[in-house]
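The structure under discussion appears below in the form of structure tokens.
Just so we're on the same page: letters track the sequence lines, and every chain starts at 1. Computed from a prediction, not measured in an experiment: that's the story for all the values here.
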Amino acid sequence: MFQRILIANRGEIALRIIRACRELGIETVAVYSEADRGAHYLDLADEAWCIGPPQALESYLQIKRIISAAEIGNVQAVHPGYGFLAENAHFAEVCRSCNIEFIGPPVEAMQALGDKVSAREIARKAGVPCVPGSDGLVSDVEEAVRIADQIGYPVLIKATAGGGGKGMRVAGNEISLRAGLAAASAEAEKAFKNAGVYLEKYIERPRHVEVQIIADNYGNVVHLWERDCSMQRRHQKLIEESPAPKLPADVRRRICECAVSLVKTANYTNAGTCEFIVDKDFNFYFIEVNARIQVEHPVTELVTGIDLIKQQIRIAAGEPLPFTQADIPHTGCAIELRVNAEDPDNGFRGSPGTITKLRLPGGPGVRFDSHVYEGYTISPYYDSMIGKLIVYKPTRQEAIECMRRCLHEFVIEGIKTTLPLARRMFTHADFVDFNVDTTFVERTF
Amino acid sequence: MFQRILIANRGEIALRIIRACRELGIETVAVYSEADRGAHYLDLADEAWCIGPPQALESYLQIKRIISAAEIGNVQAVHPGYGFLAENAHFAEVCRSCNIEFIGPPVEAMQALGDKVSAREIARKAGVPCVPGSDGLVSDVEEAVRIADQIGYPVLIKATAGGGGKGMRVAGNEISLRAGLAAASAEAEKAFKNAGVYLEKYIERPRHVEVQIIADNYGNVVHLWERDCSMQRRHQKLIEESPAPKLPADVRRRICECAVSLVKTANYTNAGTCEFIVDKDFNFYFIEVNARIQVEHPVTELVTGIDLIKQQIRIAAGEPLPFTQADIPHTGCAIELRVNAEDPDNGFRGSPGTITKLRLPGGPGVRFDSHVYEGYTISPYYDSMIGKLIVYKPTRQEAIECMRRCLHEFVIEGIKTTLPLARRMFTHADFVDFNVDTTFVERTF
Amino acid sequence: MAKPVETDDKGDSFDLDKFRKLLQLMEKFGVTEVALQNEEESWKIRRGPRQVAYAPAAYPAEFAPVPATAVPAAPSVTAPAAAQPAAAAAAPAGITINAPAIGTFYASPSPDDPPFVTVGAVVKPDTLVCIIEAMKVFNQIQAEKSGRIVEILVENGDAVGFGQPLFRLEPA
Amino acid sequence: MAKPVETDDKGDSFDLDKFRKLLQLMEKFGVTEVALQNEEESWKIRRGPRQVAYAPAAYPAEFAPVPATAVPAAPSVTAPAAAQPAAAAAAPAGITINAPAIGTFYASPSPDDPPFVTVGAVVKPDTLVCIIEAMKVFNQIQAEKSGRIVEILVENGDAVGFGQPLFRLEPA
């Protein structure tokens with residue numbers, strides 16, 4: 001096992017990793033930018049090094065400086081957390097070339113899954129459904145119509161060079177396809193000097209369901225069940241929960257199996273997440289693999305009783321998985337709420353500043369993962385998440401009642417937060433009955 | 001189910017009950033003394049009434065004033081918490097005579113178990129072992145010797161009117177018994193004008209093991225497994241844990257069964273705890289029943305997943321137990337540490353005052369039940385406990401590592417606390433190996 | 001345990017609590033009318049004097065169980081917890097006669113009788129000033145102090161907590 | 001996972017952390033000797049100048065893994081986290097030359113050479129003042145400022161964090 005680990009991250013996930021290491025008897029080396037100097041969690045590390053100015057590009061994204069800290073700190077491994085360099089294959093390569101283990105998957109797997117085309121290829125090999133489409137450009141209208149007939153309407157016309165919705169069209173039938181194809185192509189030509197377009201099945205109001213997997217270096221791969229993350233805003237997850245409500249048992253089983261076979265095919269190791277979209281008829285389609293620990297990992301820790309950060313470290317240290325698929329229970333219901341320093345009344349603009357009063361919820365089944373405290377100043381340089389409130393109860397109904405109770409107790413003054421939005425979400429009948437999809441939050445609040 | 005409940009208590013247990021009620025959709029009426037005015041937890045109740053000056057005798061122990069608040073607050077039930085009026089049968093009687101349900105056992109059971117002699121009688125009827133002794137005064141030396149031979153040495157000579165160790169002698173053999181009997185008798189005569197003495201088997205260095213039971217109004221009684229509370233100082237518990245370490249499986253089974261049959265025999269309902277002492281050969285002897293919820297109830301909540309406060313309320317509302325003995329799991333290990341505002345360097349003198357800085361531990365498996373926060377002032381009028389730090393992990397070793405990690409993170413400034421003692425206890429090899437008994441803490445720290 | 005319906009009730013209970021807090025503030029500062037807009041909804045509230053029916057054997061009418069929806073009608077049950085220190089704070093310089101016990105305040109011996117005392121009355125320590133009913137017992141309360149009553153701080157039928165100021169006095 | 005033995009190690013590690021904090025404070029305020037008694041034990045610590053062996057290809061000796069028991073020998077690894085703001089604070093009025101990168105500070109081009117600069121030396125922006133080694137690369141550091149060196153704030157072989165003051169200057 002490692003004696004010292006460097007944590008190439010900040011905030012709540014840095015604290016989370018420090019806590020896991022301390023319980024494992026591993027010393028920690030923290031790095032920080034000038035903006036994070038003096039934060040309490042840095043005192044909890046055995047060593048902390050300033051690596052640069054506040055801007056992440058000059059500090060938390062500076063591979064050279066982090067490696068210097070790792071060498072000075074004399075660590076055997078680096079935990080990247082999430083965000084920043086967590087999915088940067090080059091960083092993983094540099095770490096390992098310095099004989100410092102990168103706590104994450106192999107570089108090859110990161111690269112293969114990082115590229116959309118090769119990831120689709122792997123999924124197909126693994127027999128995992130992807131969103132059906134034209135697998136490449138459509139040369140003429142007749143071909144497009146033929147493909148659309150195969151995959152079924154509605155279809156999405158996408159510019160291959162596309163972005164920001166430009167050159168994108170939804171076609172509900174052949175007429176609008178014929179019309180849309182020309183229009184999209186022209187628009188793409190105009191916008192990107194590239195008229196190439198392709199077709200993809202259009203999934204209406206999908207749910208976001210993801211599967212947590214974990215794999216050791218000896219070919220053992222297990223899933224730790226699924227999470228539903230349909231409650232999101234502008235592709236930012238707000239609420240994550242497990243089990244995924246109203247997901248039929250057989251669909252649940254198949255989606256978890258698909259995740260396992262996909263990462264096996266990719267020779268993936270350590271912790272990862274396979275993201276899927278699920279349509280209203282419970283057809284699911286692979287979207288991408290997040291090759292890192294995720295913000296919402298506590299949800300899975302609570303329903304399975306497995307400490308994912310500790311597992312990541314043990315796997316990176318060469319230990320085999322201590323359990324098989326059959327050993328992994330799923331009990332109760334866990335729901336995570338992300339608390340962000342944003343002003344819901346002003347377009348969710350970030351609200352940095354000093355927390356002047358803080359009253360935290362607590363009691364049975366309540367976990368609040370956060371690095372903040374009364375008097376802490378949220379800097380404007382990094383993302384706005386200040387903590388994760390996670391509740392764990394026998395049933396979803398009880399979990400929701402517990403979350404409401406927590407939101408009633410929760411007091412944060414000095415900055416604007418998303419708590420008022422949270423109170424509305426957890427009392428909205430459609431969330432309680434779980435009649436939601438990834439467009440629900442934006443449609444409703 | 002009740003619509004409104006009055007909480008006849010203060011501090012962390014009042015907050016704990018408020019939280020349970022809110023999750024059940026029950027409104028709460030809090031009462032407080034002038035010393036607790038302005039405490040944050042009172043804002044979390046739906047209503048709060050000042051019932052008197054700081055002295056408990058004039059407020060939290062004033063039955064008449066609490067009943068007035070209950071009538072003004074128009075509640076259907078009163079939860080007494082622990083301490084104060086929790087085991088006061090008269091209070092229970094008054095509540096029920098006002099058609100306000102007292103959330104606790106029947107008055108008769110409280111009275112029967114409250115009296116040492118009748119409690120022993122019930123235990124004997126239930127076939128539960130008590131500390132063997134002379135069942136009454138010993139008239140002459142020869143009788144004493146005969147009894148001592150029956151129950152075996154060492155024996156304890158106790159003055160029937162005794163107290164504070166006066167007229168108490170341990171006799172390891174017949175000679176010291178003959179000598180001690182006369183001396184004890186004389187000492188008792190001198191101290192209490194009552195020479196009457198009796199014999200009891202002397203249990204050396206016992207462990208304290210207690211069993212949580214819960215019973216509904218329909219004769220269903222189950223145990224929620226045991227807790228070891230041997231880590232105590234001056235009969236004040238400092239650390240409680242479940243399962244009881246190193247307790248042989250068959251002993252564990254029998255002690256739990258004894259607890260069930262004892263409370264059944266007493267026609268006891270609602271939550272309660274049977275306390276036993278266990279000698280080095282794992283013989284166990286019934287001591288007393290605590291007819292209330294206990295400080296250490298979270299330990300049992302974590303290993304069983306059952307919310308004891310909610311269960312108390314449901315039972316008082318006439319609901320049957322939703323589970324049978326077979327449905328009650330025991331998974332993992334939970335350890336609770338009581339954090340007291342006391343100065344370990346000055347004879348554990350209480351250390352009231354204002355908390356000027358507070359950094360709480362957190363993360364996976366950590367629960368801190370407390371009503372305090374940065375800026376909270378601990379008043380000198382009530383007991384010194386300011387919170388309970390509870391950790392829950394798969395194994396005891398992991399729980400201890402987690403507790404140490406928490407103690408490393410924990411910062412309380414402005415008052416003296418027992419945290420330094422806690423750090424020494426959780427790193428002491430004899431606690432880690434659990435070579436402890438009820439005298440360990442006083443012998444060691 | 002709960003069905004979506006109850007769930008919705010719980011939903012309201014969030015607002016209900018904000019509402020209670022607001023009413024506490026209103027009581028604190030003697031506000032009788034409020035119209036405000038917060039991020040979640042807009043509220044208008046007015047508080048006025050209430051009629052009180054004597055019912056020594058039962059609970060006075062407005063102490064009947066308060067369904068969440070009926071709360072606006074029941075400001076009197078909102079927490080003196082917050083109200084009292086404020087009352088004390090708000091109470092202008094001068095002596096007050098405080099409730100010696102928690103209970104229900106009655107200004108006169110019976111509905112048909114005139115109040116024990118009115119503003120302007122001069123009281124001596126043994127002057128009866130009100131009745132506080134607790135557990136069906138009607139306790140006659142003496143002034144314990146001397147002076148002229150300049151303000152009556154509670155209304156007939158109010159529930160009062162221990163130490164809550166009832167009358168404000170000035171030296172006669 | 002752990003056996004009682006490790007347990008005891010963890011036990012010590014509580015003290016070890018207190019020890020680190022103490023060393024940080026000592027570094028902060030340039031304390032060289034401490035003898036103190038806290039509720040748990042009594043400590044005596046002395047910090048002195050250390051010999052540094054150049055080992056560009058490997059780690060300098062005192063950066064070898066630090067077994068808990070050997071920590072007293074390794075104050076140099078204690079966290080600049082706390083040390084730096086203090087250093088900044090403690091730094092008396094005047095300009096400082098700060099580390100432009102995290103790495104290992106060397107005062108001279110090689111063990112046999114004299115230091116680039118000594119106290120009293122007058123430097124110009126392009127004067128070489130030290131080497132900071134990071135990832136086996138020896139970066140020659142220029143003063144970037146003009147003035148006379150009145151104090152050298154770190155020792156040869158020290159690890160320095162970004163922005164850590166290295167030299168204190170006064171106008172020449």
Distance (rounded to the nearest 0.5 Å) between [X] [atom1] and [Y] [atom2]:
{"X": "B/E374", "Y": "A/L358", "atom1": "CD", "atom2": "CG", "value": "9.5 Å"}
{"X": "B/D307", "Y": "A/C402", "atom1": "CG", "atom2": "SG", "value": "9.5 Å"}
{"X": "A/E401", "Y": "B/L24", "atom1": "CD", "atom2": "CG", "value": "7.5 Å"}

Pairs of heavy atoms under 4.5 Å with chain B: top-ranked of A/E12, A/K357, A/R16, A/E301: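 Among the listed options, the one with the most contacts to chain B is A/R16.
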Would you call B/R359 and A/D43 a side-chain contact if the rule is heavy atoms closer than 4.5 Å?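 No, their side chains stay 4.5 Å or more apart.
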A side-chain contact here means heavy atoms from C-beta on lying under 4.5 Å apart; do A/E23 and B/K393 qualify?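 The answer is yes; the side chains approach within 4.5 Å.
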Minimal non-hydrogen separation, B/L44 against A/H408, with atom names: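 For B/L44 and A/H408, the tightest heavy-atom pair comes out as O-NE2, 3.7 Å.
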For A/P364, which atoms come within 4.5 Å of any heavy atom of chain B: side chain, backbone, both, or neither?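 Both the backbone and the side chain of A/P364 come within 4.5 Å of chain B.
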Check this for me, if you would: do B/R19 and A/E409 make a salt bridge, where the nitrogen-to-carboxylate-oxygen distance has to be below 4.0 angstrom?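 Counted as a salt bridge, because a side-chain N and a carboxylate O are separated by less than 4.0 Å.
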